[in-house]
Amino acid sequence: MADSSRLSFQSATTANKLAENSTVTLDNRVDPDSHLVLFDQGDPANPKNWSVAKKWYLTAAAGLLVLNATFSSSAPSMLLPTFMEEFSVSEEVATLTVSLFVCGYCVGPLLWGPLSEQYGRRPIFIISFFVYMCFQIGCALSQNITSMLIFRFIGGTFAAAPLANSGALISDIWDAKQRGTALAVFTVAPFAGPGVGPVVSGYLVLAGVSWRWLFWILTIFAGVCWLQIVFTMPETYSPVLLAKRAKEIRKRTGDDKYYAATELQRITFSQRIENILARPFKVLFTEPMMIAITLYMSFVYGCIYLLFEAYPVVFTEGHNLNAGVSGLVFLPLPIGGFLAVATYILFFNPSYERKAQECAPNPVPPEFRLRVAMVSAPFLVISFFWFAWTSFSSVSIWAPMLSGGLLGWSICLIFLALINYIIDAYLAVAASALAIVTVVRSLFGAGFPLFATQMYDRLGPEWASSLLGFIALLMMPIPFVLSRYGAILRFKSKYAPSGPPPSSSPA
């Protein structure tokens, strides 16, 4: 997802024109890179030069793929009592239909991210989403809980492809100055999906139809998205596009000297395995910044899935809501996410653009991105305590429900700030950094629902939610500390390239 792996392809003249113009002499003795295939200035084949309308369509399409995957993760949450009755299993086993799907997110990013950098975004999207769709059919036809849990885990692994690569696609087509707005719009999808899932399954329960219909709906949704990928989403990864162009030039001219930069890479199998599996963990465990960011994002992400167990305790049991209305109480989460996007576009992004002009031609210090998290982190704490102490059945249902709006707003902005910070700070290894963040946060997302019900039953909704608020309060200083000392940590880092730290914080 890092921009740096693509920046080297954005200038100079392609050998394509040279091959078509017989008056130009190619002399490797004078210019050793005269046969290197690059994009022209303003080349329409360069994804960053595509029209704004096309870029926004692809951004929306990438967001829809993530929405599909995250919607599927939470969709069975209102069907847990049905699974418990139909398959005669405990609540913990029924909860695994959600947790194991999210566990698939731990495996998928380690595969789909590196594979997309080898073969391109498009083939990985096509293959993974087709297999994901097939396993939704498997869930719909399951005759026992074991087969369903296996299908859910494998389905989650293949559904993780857009989580790993949709953000990379956005980085492929937008430059750093424009990426913030596009990423802000895209960031809504990971939070809108989990919020919409319980609404659909809740009303299926209320309608009295078979639980299998939920998985047929997921199959249809996945099929529509797969067709969208096949027919409307082109390849966006520049190194793959340039390698294809070099191959075409060699075929047309009969001259094997033309090449793309990626074709010079000679990576052994062991090196490839190291890059795919080992490097993300090295980045995590050797970088204090990454440890802090990963813990914070993982806690926040785990809390989203914890709410799938906490909300029924507060709303279904405490306020005696039916399954359909109980699903609706999740809607403030994605609504808060949409408001966060508006906040970012209207207030934070203009500030970043002004900073970019001020720092030109140098890049904006990554710590400037953290201002968004510094504003939103305190509101995350407030939202937990708001939800906690309005959870009494005697209090209007609107009070705890509206806290979800503030929660969704703060979570979305925190994620947006920290993801942008990782991309800006880690550049060439940003893909590995984002992959390990996705893996760890998915572990939290899978684990939190498994103890949520017991925690809320034993502590009560008020103190259980307050416990989350206190943990959020302990983690709140993280963006402030990184803003103050991030430049120093980057200077000492092996993976985050930077110059000497400034005398004062750049943020």
Side-chain angles (χ1 to χ4, degrees), residues 1-26 31 33-65 116-126 162 165-186 227-265 353 356 360-361 363 423 431:
M1 202 170 164
D3 286 336
S4 63
S5 61
R6 288 172 284 279
L7 290 177
S8 60
F9 301 98
Q10 304 309 312
S11 61
T13 304
T14 66
N16 191 11
K17 277 193 175 180
L18 296 175
E20 293 173 352
N21 189 345
S22 60
T23 64
V24 177
T25 302
L26 300 177
D31 180 5
D33 287 331
S34 61
H35 291 88
L36 176 63
V37 177
L38 299 171
F39 284 129
D40 289 320
Q41 187 71 28
D43 193 334
N46 184 350
K48 284 187 167 62
N49 293 331
W50 290 347
S51 69
V52 173
K54 185 174 183 178
K55 289 181 180 180
W56 275 115
Y57 170 77
L58 292 175
T59 299
L64 182 63
L65 300 183
S116 76
E117 293 175 350
Q118 179 69 30
Y119 301 104
R121 318 296 187 200
R122 177 176 162 81
I124 299 302
F125 277 138
I126 291 175
N165 294 335
S166 288
L169 182 150
I170 290 174
S171 184
D172 292 341
I173 62 178
W174 297 98
D175 59 33
K177 183 177 179 181
Q178 299 169 314
R179 189 185 66 224
T181 301
L183 198 59
V185 175
F186 167 79
L227 292 174
Q228 177 195 41
I229 297 169
V230 172
F231 292 108
T232 70
M233 296 183 68
E235 182 57 61
T236 62
Y237 190 45
S238 292
V240 170
L241 293 173
L242 290 169
K244 182 179 180 181
R245 173 177 283 188
K247 184 178 180 181
E248 291 173 350
I249 295 174
R250 290 195 298 268
K251 182 178 180 180
R252 184 172 65 251
T253 63
D255 189 344
D256 291 336
K257 293 180 181 179
Y258 293 104
Y259 66 95
T262 54
E263 294 177 312
L264 297 180
Q265 297 177 359
E353 291 179 349
I423 294 172

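It should be emphasised that the depicted structure is a prediction, and the values quoted were computed from it without experimental measurement.
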* **Check against side-chain contact (heavy atoms from CB on, under 4.5 Å), I170 and K55** => CA-CA 8 Å; I170 290 174; K55 289 181 180 180; over 6 Å; no
* Asked: What's the verdict on side-chain contact (heavy atoms from CB on, under 4.5 Å) for Q118 and V240, showing C-alpha distance, side-chain angles and the deciding distance?
  -> CA-CA 8 Å; Q118 179 69 30; V240 170; over 6 Å; no
* ring-ring contact (aromatic ring centres under 6.0 Å, His included) assessment of W56 paired with W174 -> CA-CA 10 Å; W56 275 115; W174 297 98; 5.0 Å; yes
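Between the OH atom in Y259 and the CG atom in L242 there is a gap of 12.0 Å [rounded to 0.5 Å]. Interatomic distance, CD1 of I124 versus OH of Y237, reported as 12.0 Å (0.5 Å rounding). Going from atom CG of L169 over to atom CD1 of I173 covers 5.5 Å, rounded to the nearest 0.5 Å. Interatomic distance, R122 CZ to N165 CG, rounded to the nearest 0.5 Å: 14.0 Å. Taking CG from D256 and NZ from K247, the interatomic distance works out to 12.5 Å, rounded to the nearest 0.5 Å. In this structure, CD1 in I229 is found 9.0 Å from CG in L64, a value given to the nearest 0.5 Å.
Scanning both residues, D172 and P47, for their nearest heavy atoms gives O-CB, 3.8 Å. Shortest non-hydrogen contact noted between K48 and D175 is CE-CA, 4.0 Å. Considering all non-hydrogen atoms of both residues, S116 and R121 come closest at OG-NH1, 2.8 Å. Closest approach of A260 and A246 over heavy atoms only: N-CB, 3.7 Å.
Under the 4.5 Å side-chain criterion, counting only non-hydrogen atoms from C-beta, F125 is in contact with S166. By the 4.5 Å heavy-atom criterion applied to side chains, P234 and L58 are counted as neighbours. The closest side-chain heavy-atom distance from Q41 to N49 is not below 4.5 Å.
In this structure P363 satisfies the side chain to side chain contact (heavy atoms under 4.5 Å, CB included) test with no other residue, sequence neighbours excluded.
A donor-acceptor pair under 3.5 Å is absent between the side-chain atoms of E235 and the main chain of L241, judged by distance alone.
In this structure, D43 pairs ionically with R245, as a charged nitrogen and a carboxylate oxygen lie closer than 4.0 Å.
Counting heavy atoms of neighbouring residues, nucleotides and ligands inside a 6.0 Å radius, atom OH of Y57 exceeds 12 of them.
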